[in-house]
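For reference, the structure is listed below as structure tokens.
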Amino acid sequence: MPIVTPAPTDPFAELNPAQQDAVRHGLGDQAADTRPLLVIAGAGSGKTNTLAHRVANLILHGADPQRILLLTFSRRAAVEMERRVASVMGRVLKASQSSASFAASLPTTPLPALPWSGTFHSVGARLLREYALRIGLDETFTIHDRSDSEDLLGLVRHDLNLSATKNRFPQKGTCLSIYSRVVNTQGSLADVLASTFTWCAAWETELKALFRGYVEAKQTQNVLDYDDLLLFWAEMVTEPVLAAELGNRFDHVLVDEYQDTNRLQAAILLGMKPDGAGVTVVGDDAQSIYAFRGATVRNILDFPNQFGGVGQDGQDGQAGQAGQGGKVARIVTLERNYRSTQPILEASNAVIAQARECYAKTLWTNKMSSMKPQLVLVPDEADEARWVAERVLAHREAGLRLKSQAVLFRTSSHSAAVELELTRRGIPFVKFGGLKFLEATHVKDMLAILRFAQNPRGRLAGMRVTQLIPGIGAVTAARFLDAMAQSTEPQAVLDSFEPPGGAKLEWQAFVSLYRGLRHPQLAWPADISLAKQWYLPHLERLHDDADVRRADIENLERIASGYASTERFLTDLTLDPPDATSDQSGAPYRDEDYMVLSTIHSAKGQEWKAVFVLRAVDGCIPSDLGTGNSADIEEERRLLYVAMTRARDYLHVMQPHRFYLTQQRTSGDRHVYALRTRFITAAMLPRFERISWPSASPGTPGRMQPTGAVMQVRERVGAAWR
Ligand SMILES: Nc1ncnc2c1ncn2[C@@H]1O[C@H](COP(=O)(O)OP(=O)(O)OP(=O)(O)O)[C@@H](O)[C@H]1O
């Protein structure tokens, strides 16, 4: 009797028709369709899922994983994408075991790695190192993170005597923001000052001189900052030979979170793939939240006509810039939301419906629920924290693990009261988006040691490390670094340098550390152990809480062991630092249940069963910091939308009536009375269950508790003035 072999299961059967369109575009019987692809994916519509399936499908159709460039927003997203692609491939292979002919048609590498997946910045760093000699760069360049860049700008500012001015020359952080914005938006300094930094406009000439000095200093010291990684890459693709070479390295270029890319990133994409062949971008214009870093929602809105095609609406698509054979992109829209319940989605849709400009899409779901999202009116931030903590525990009682609950907020400082309350009640949490692991002094010290060994011309790292040696101050350190800058033999400079008398012994220890770190046979991660051995005694000497800090150093060592080389370790950590210590450490939290506290920005792309949004009041969302112009307001609206659409089953939007403001612009009481965020209008209120807390409970001891009724009157009085 013949054995009937079942047909191989379609690996894409679980995808909905629009998702399948995106996954199959240009492949198989659609191979003739070489249009670039734009996937407009509403919140929770399976964007990440679809992209992973598309990559898997490309490979199933013979694409070489080495020739796929996958650009994601964070390293975490790249790792997640690789995992999902492998899982789809795994499923396909398993299904195919029953069909010999189908299995034979599959590529031989079962679970491919994607060596070219990462952020724009990290891929840029790799390409620049590879092409360094051809573009006049020294390949041993080190990369400055934001705070190093600020410090270097600060030094140049000081050298140019700008820090001495009486009438408040902008701070180094502001200077870096201005510089960065000019680079990333490709605008002029004058325009950036006029649009975003009006209070600095009077300093245009000085700022120009400062930026000139900053660029020179970076070149002398052989360092690149974040923006350079994109800028140099974008410059590279303006040179036709290099552009073609780079473009030809990759058959497919896929970009996730395209709504949060900036002009430079769009220029890189267009430069590498001028006719759009093999290009897929995925994004949601409604979730664009990085304009403050120079991202522009225009990238996604303009994408369809960017590659030299003529739009269906008759618009010319920048034909001058594009290569021959350019085409209007195909747009696939994903509108089915798999994440949130109908009431949560309806409330979120109502918020974003007020946005000024958007690709039209209406998200729908069949996850029915009778529970509306809650709008919780509380007297102040302490009650906000108490309510959240109680609700978290109630959810846990009802079977929701802490890990499936998150508290989201606009600005890191907004969670202070909640952190206290959770700590008080012993509810473990991890916070994302606050002070980063790498911002800790001792972690920076360790990295500076490695950086300085890698690039002896790096002045900031050199200053930091040498001043750790007792008896060496800024003046001696500068004298030493001047000598280093003038020599091509760093070790000889170290050997012959005369430190002040009292520092001689310690200096010798440093000299042997340096020799060890630059020894050609030293195999990573031995570098980090050498650096640690030298550094720990200094740590003990410099800090009272050395024990706690030592744990971080050990954590760093553990992270380091996962990297192939010093250079990859330093680059990745600088470009995409772990958000929280636990992000990389694994062990301490592996089995523990903990909840997540996160800024809305850091919550991008994630989802939880229960989400609490703190301080949904004017002044916080929209933030006081971002209410300069209508574009800022629109971005704040999208932030609230992003926060609300992270929720699967329960959404609690908090509205404290009164809260403490730490950085108030105007003088006066530091407690302010707040109105509900303008993004939840009166017309939207029926979409929420409104709760006032604490409700009037007779005999509540202690302070006088406002009742629900009082709160509502206040609310109505406030609303009258809107
Ligand atoms: N075809 C599908 N069938 C069932 N569930 C799906 C399908 N596609 C996606 N999902 C689920 O929907 C949820 C959201 O998916 P995903 O995280 O990929 O969305 P997203 O579009 O990236 O979201 P966002 O842009 O809001 O961050 C996930 O839980 C995912 O497993």
Side-chain angles (χ1 to χ4, degrees), residues 9-24 37-57 70-74 76-85 87-88 91 254-261 280-290 295 297 300 332-342 344-345 347-349 351-352 358-359 361-368 403-404 406 408 432 596 598-611 613 638-651:
T9 318
D10 178 357
F12 308 119
E14 284 170 14
L15 303 182
N16 67 39
Q19 291 176 328
Q20 294 203 15
D21 279 350
V23 168
R24 299 190 204 276
L37 175 65
L38 167 62
V39 182
I40 294 288
S45 64
K47 165 171 63 68
T48 318
N49 207 22
T50 305
L51 196 58
H53 279 82
R54 177 156 177 81
V55 173
N57 203 21
L70 177 59
L71 296 161
T72 54
F73 191 77
S74 64
R76 195 159 36 153
V79 172
E80 169 64 13
M81 192 60 79
E82 208 163 31
R83 192 190 63 75
R84 286 211 204 182
V85 172
S87 134
V88 179
R91 261 188 289 136
L254 302 99
V255 189
D256 196 5
E257 309 275 9
Y258 196 63
Q259 76 281 354
D260 285 324
T261 55
T280 300
V281 305
V282 182
D284 180 5
D285 48 321
Q287 293 184 63
S288 158
I289 53 174
Y290 276 91
V297 69
I300 200 162
V332 173
T333 310
L334 308 184
E335 294 185 308
R336 174 166 178 186
N337 177 298
Y338 289 95
R339 178 179 296 147
S340 312
T341 60
Q342 178 77 19
I344 293 177
L345 198 59
S348 313
N349 279 345
V351 166
I352 204 63
C358 248
Y359 270 112
K361 55 184 173 306
T362 313
L363 286 182
W364 62 276
T365 178
N366 60 7
K367 260 182 87 172
M368 294 306 151
K403 273 188 175 166
S404 59
L408 307 183
F432 293 92
V596 165
S598 173
T599 58
I600 301 174
H601 281 104
S602 296
K604 180 175 162 135
Q606 307 202 53
E607 61 183 27
W608 294 272
K609 284 192 175 147
V611 166
V613 181
R638 294 190 295 263
L639 263 173
L640 178 62
Y641 174 72
V642 168
M644 291 171 69
T645 53
R646 300 307 94 198
R648 292 173 66 101
D649 302 324
Y650 305 95
L651 172 64

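Both ligands and their constituent atoms are indexed starting at 1 by order of listing.
- Near Arg646, the atoms of ligand 1 lying under 4.0 angstrom from a non-hydrogen atom of the residue are 24 (P), 26 (O), 27 (O).
- Nearest protein heavy-atom neighbour of atom 16 (P) of ligand 1: Gly46 CA, 3.7 Å.
- If you check the side chains of Asn16 and Tyr338, you find a donor sitting under 3.5 Å from an acceptor.
- Tyr290 and Phe73 have tilted rings, their planes meeting at an angle from 30° to 60° on a 0 to 90° scale.
- The number of heavy atoms from other shown groups lying within 6.0 Å of NZ (Lys609) does not exceed 12.
- Within the 4.0 angstrom cut-off, atom 31 (O) of ligand 1 has no protein heavy-atom neighbours.
- Set against the non-hydrogen atoms of Arg339, the atoms of ligand 1 under 4.0 Å away are 14 (C), 17 (O), 19 (O), 23 (O), 24 (P), 26 (O), 27 (O).
- The contact set between ligand 1 and Arg648, taken as ligand atoms under 4.0 Å from a residue heavy atom, comprises 29 (O).
- Here the CG-OG1 distance, from Asn349 to Thr365, works out to 10.5 Å after rounding to the nearest 0.5 Å.
- Counting heavy atoms from C-beta outward, Glu257 and Thr72 have side chains that stay 4.5 Å or more apart.
- Checked for salt-bridge contact, Glu607 and Arg648 meet the test: a charged N lies under 4.0 Å from a carboxylate O.
- Only the side chain of Gln19 comes within 4.0 Å of ligand 1, counting heavy atoms alone; its backbone N, CA, C and O stay farther away.
- For the side chain to side chain contact (heavy atoms under 4.5 Å, CB included) criterion with Met644, the lone passing option out of Ile600, Leu345, Val351, Val611 is Val351.
- Counting atoms of ligand 1 from 1 in the listed order, those under 4.0 Å from a heavy atom of Leu15 are 1 (N).
- Atom 18 (O) of ligand 1 has its nearest heavy-atom neighbour, among Leu51, Asn49, Asn16, in Asn49.
- Comparing Gln20, Glu607, Lys47 against atom 21 (O) of ligand 1, the shortest heavy-atom distance belongs to Lys47.
- Closest protein heavy atom to atom 2 (C) of ligand 1: Tyr338 CZ, 3.4 Å.
- No heavy atom of Arg336 sits closer than 4.0 Å to any atom of ligand 1.
- Remark: ligand 1 atoms within the under-4.0 Å shell around heavy atoms of Ala43 are 26 (O).
- If you look at Ala41 next to ligand 1, there are no close heavy atoms at all, none under 4.0 Å.
- Residue Gln606 qualifies as enclosed at atom CD: its count of foreign heavy atoms under 6.0 Å is above 12.
- Using a 4.0 Å cut-off to heavy atoms of Gly42, the atoms of ligand 1 that qualify are 21 (O).
- Annotation: salt bridge (Lys or Arg N to Asp or Glu O under 4.0 Å) contacts of Arg638 (sequence neighbours excluded): Glu635.
- The protein atom (non-hydrogen) at minimum distance from atom 22 (O) of ligand 1 is Thr48 OG1, 2.7 Å.
- Salt bridge Lys47/Asp256: present, at least one basic N to carboxylate O contact under 4.0 Å.
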